[in-house]
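Everything numeric here is computed off the predicted structure, so don't read it as measured data. Counting begins at 1 with the first residue of the sequence.
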Amino acid sequence: MKLQIQNVQGTFEVIGNFTSKNTEKVQDHFNYLLDHYEEVVMCLKKVQQIDHKALRVLKEIHKKACKRRKVLFVLGHDNETVSNAFFDNQLTHIFRDDY
């Protein structure tokens with residue numbers, strides 16, 4: 001499934017296959033949001049596939065948010081595909097759904 005990013009009432013939902021073919025789109029979109037907003041909510045609940053390059057991009061987005069003292073909420077812990085990938089790559093600390 002082709003990747004889409006939709007703004008649903010202030011939550012930016014990443015929908016489809018988040019793979020090396022489209023990581024640049026996600027990185028550019030969330031870098032823009034982090035440049036312009038203090039809080040950003042990313043939802044990964046509708047991601048169907050995720051690969052190592054996508055995880056690397058998420059790690060970079062998280063690092064940028066921390067460095068700039070921005071709040072990045074990453075939802076999607078209940079998506080088994082995403083949570084398994086995060087767990088396997090020791091990235092579960094990126095999940096933050098306490099907004």
### Query
Would you find more than 12 non-hydrogen atoms of other residues, nucleotides or ligands less than 6.0 Å from K53 atom NZ?
no
### Task
Taking all heavy atoms of N22 and all of N17, pick out the closest pair and write down the distance.
ND2-O, 2.8 Å
### V41 vs L75 side-chain heavy atoms within contact, under 4.5 Å
yes
### Distance in Å, K2 NZ paired with I15 CD1, rounded so as to fall on 0.5 Å steps
13.0 Å
Distance-only criterion, 3.5 Å: show the donor-acceptor pairs between side-chain atoms of residues 61-70 and protein atoms not counting sequence neighbours.
unit_1, atom_1, unit_2, atom_2, d
K64, NZ, N31, OD1, 3.4
K64, NZ, D35, OD1, 3.2
R68, NH1, D35, OD1, 2.3
K70, NZ, L34, O, 2.8
K70, NZ, Y37, O, 3.2

### Message
Can you tell me if Q48 has over 12 outside heavy atoms packed within less than 6.0 Å of its CD?
### Response
yes
### Query
Just wondering, do L58 and F86 contact through their side chains at under 4.5 Å, heavy atoms?
yes
### Query
For the atom pair CZ (F87) and CD (E80), what is the distance rounded to the nearest 0.5 Å?
12.5 Å
### Message
Nearest 0.5 Å, please: how far is NZ in K59 from NE2 in H52?
### Response
12.0 Å
Could you list the donor-acceptor pairs under 3.5 angstrom formed between side-chain atoms of residues 88-95 and any protein atom two or more places apart in sequence or on another chain?
unit_1, atom_1, unit_2, atom_2, d
N89, ND2, A85, O, 2.8

### Task
Only pairs at least two apart or in different chains count here, so list each salt bridge (Lys or Arg N to Asp or Glu O under 4.0 Å) that has a residue in residues 40-52.
E13-K46
### Any L3 side-chain heavy atom under 4.5 Å of K21 side chain
no
### Task
Go through F18 and T23 one step at a time and tell me if the side-chain contact (heavy atoms from CB on, under 4.5 Å) criterion holds.
CA-CA 7 Å; F18 185 11; T23 54; 3.9 Å; yes
#### Entry: Check against side-chain contact (heavy atoms from CB on, under 4.5 Å), F12 and V14
CA-CA 7 Å; F12 295 89; V14 180; over 6 Å; no
